[in-house]
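Read the structure below first, then the notes.
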Amino acid sequence: MSVPTVLEKIVAHKLLEVEERKRLLPQDKLEPMLVGLPPCRGFVTQLKDRASELGAGIIAEVKKASPSKGVIREHFVPKEIARAYEDHGAACLSVLTDIAFFKGSDDYLKQAREEVSLPILRKDFVVDAYQIWESRLLGADCILLIVAILSDEQLAEFHNLATTLGMDVLIEVHDEYELESALRVNPRLVGINNRNLHNFETSLSTTTSLLERIPEDCTVVTESGIHTAEDVALMRANDVSAFLVGEAFMRAENPGHQLAKLFFPAA
Ligand SMILES: O=P(O)(O)OC[C@@H](O)[C@@H](O)c1c[nH]c2ccccc12
């Protein structure tokens, strides 16, 4: 047998974690807890509005650590970061909730939601429908579905469930085969991850090479590896106006200032 990749380890761990969570709060107890929740903040709408208004729709990520980089930010106060992002023109937030590999927490998402009015993406590895109900309860406005870890049947089922519960969905792809699967569910929002989650190699040409296969009415988000003004200019030259950025902001003393500097230097 070959050595498992990090993505395979994450999925194996996640399946166990979900079983444990189901034991603590069974599905039949969770479902009624969704009654009377406030409606979701429109994630896709806000992203598109900001992109046309400001020239860039930024999904700004709240991320303490990653398996490839270790701890990215020592001074990590989610409320402070969320506020800085909102004050400096972010369209939406992305909050890592995976504990084991990204040092995230459900609580970080709740804290961010209390602090700001931006729509929030729950950034986690969805492998079970239970997590979608759980995301809605947590206050997520959008969930991530990673095509690389789902069957076509799961993708359709999970996309449908999230939409039924009122959330938006960001479908993440890394190559043309994954994109083909993604397009079968007629997504409003597709994320092209420039990072290969199996070996962590990052290349912005992932976005530029897949772009032309995506229909006009679907919003494309370029994800990962955006660090410099040149990176931003390259994406803009290819008509990409939605960005998901974590590390470049999280390494800066003030993540909000870094967002403004990278995307809105003239403002
Ligand atoms: O920190 P970066 O290189 O700007 O990347 C952010 C985001 O794209 C990345 O965190 C990410 C993209 N897809 C994921 C899936 C799971 C966990 C993390 C991710």
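Indexing begins at 1, ligand by ligand and atom by atom, following the structure's order. Throughout, numbering of the chain's residues begins at 1 and tracks the sequence.
Atoms of ligand 1 found under 4.0 Å from any heavy atom of E247, numbered from 1 in the order shown, are 1 (O), 2 (P), 4 (O). Those atoms of ligand 1 that come under 4.0 Å of a heavy atom in V245, given as number and element, are 4 (O).
For D128 and K14, the salt-bridge test fails: no basic side-chain N is under 4.0 Å from an acidic carboxylate O. Salt bridge R23/E19: absent, no basic N to carboxylate O contact under 4.0 Å. In this structure, E80 does not pair ionically with R83, as no charged nitrogen and carboxylate oxygen lie closer than 4.0 Å.
Below 3.5 Å of separation, one finds an N or O of G225 facing an N or O of ligand 1. For the pair H227 and ligand 1, the shortest N or O to N or O distance does not fall below 3.5 Å.
Counting only heavy atoms of the protein, atom 4 (O) of ligand 1 lies nearest to G246 N, 2.8 Å. Here the protein heavy atom with the shortest distance to atom 13 (N) of ligand 1 is E172 OE1, 2.7 Å. The protein heavy atom nearest to atom 11 (C) of ligand 1 is K123 NZ, 2.9 Å. Summary of contacts: the protein heavy atom closest to atom 17 (C) of ligand 1 is F102 CZ, 3.5 Å. Nearest protein heavy-atom contact of atom 8 (O) of ligand 1 is S224 OG, 2.7 Å.
Put simply, no part of I226 is less than 4.0 Å from ligand 1, judged by heavy atoms. Between K69 and ligand 1 there is no heavy-atom distance shorter than 4.0 Å. Taking a 4.0 Å cut-off on heavy atoms, F249 fails to register as neighbouring ligand 1.
Residues L170 and F43 are not in side-chain contact: their nearest non-hydrogen atoms beyond the backbone lie 4.5 Å or more apart. Between I72 and S66, the closest side-chain pair of non-hydrogen atoms falls below 4.5 Å.
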Practice item. Would you sort out whether T222 and N194 count as a side-chain hydrogen bond (donor to acceptor under 3.5 Å, both in side chains), showing the intermediate values? Key: CA-CA 7 Å; T222 187; N194 298 307; 3.0 Å; yes

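Of the options R113, Q46, R41, R136, a side-chain hydrogen bond (donor to acceptor under 3.5 Å, both in side chains) to D141 is made by R113 and by none of the others.
When E61, E223, R195 are checked for heavy-atom proximity to atom 3 (O) of ligand 1, R195 turns out nearest. In the candidate list F243, F101, F125, F125 is nearest to atom 16 (C) of ligand 1, counting heavy atoms.
Judged purely by distance below 3.5 Å, without hydrogens or angles, the side chains of T208 and N238 never pair a donor atom with an acceptor atom. For the 3.5 Å distance criterion, the side chains of D231 and T228 qualify, holding a donor opposite an acceptor.
Under a hydrophobic-cluster definition in which Ile, Leu, Val, Met, Phe, Trp and Tyr are linked whenever side-chain heavy atoms come within less than 4.5 Å, directly or via other members, I120 and L165 are assigned to the same cluster.
By the criterion of a heavy-atom distance under 4.0 Å, the side chain of K63, and not its backbone, is placed next to ligand 1.
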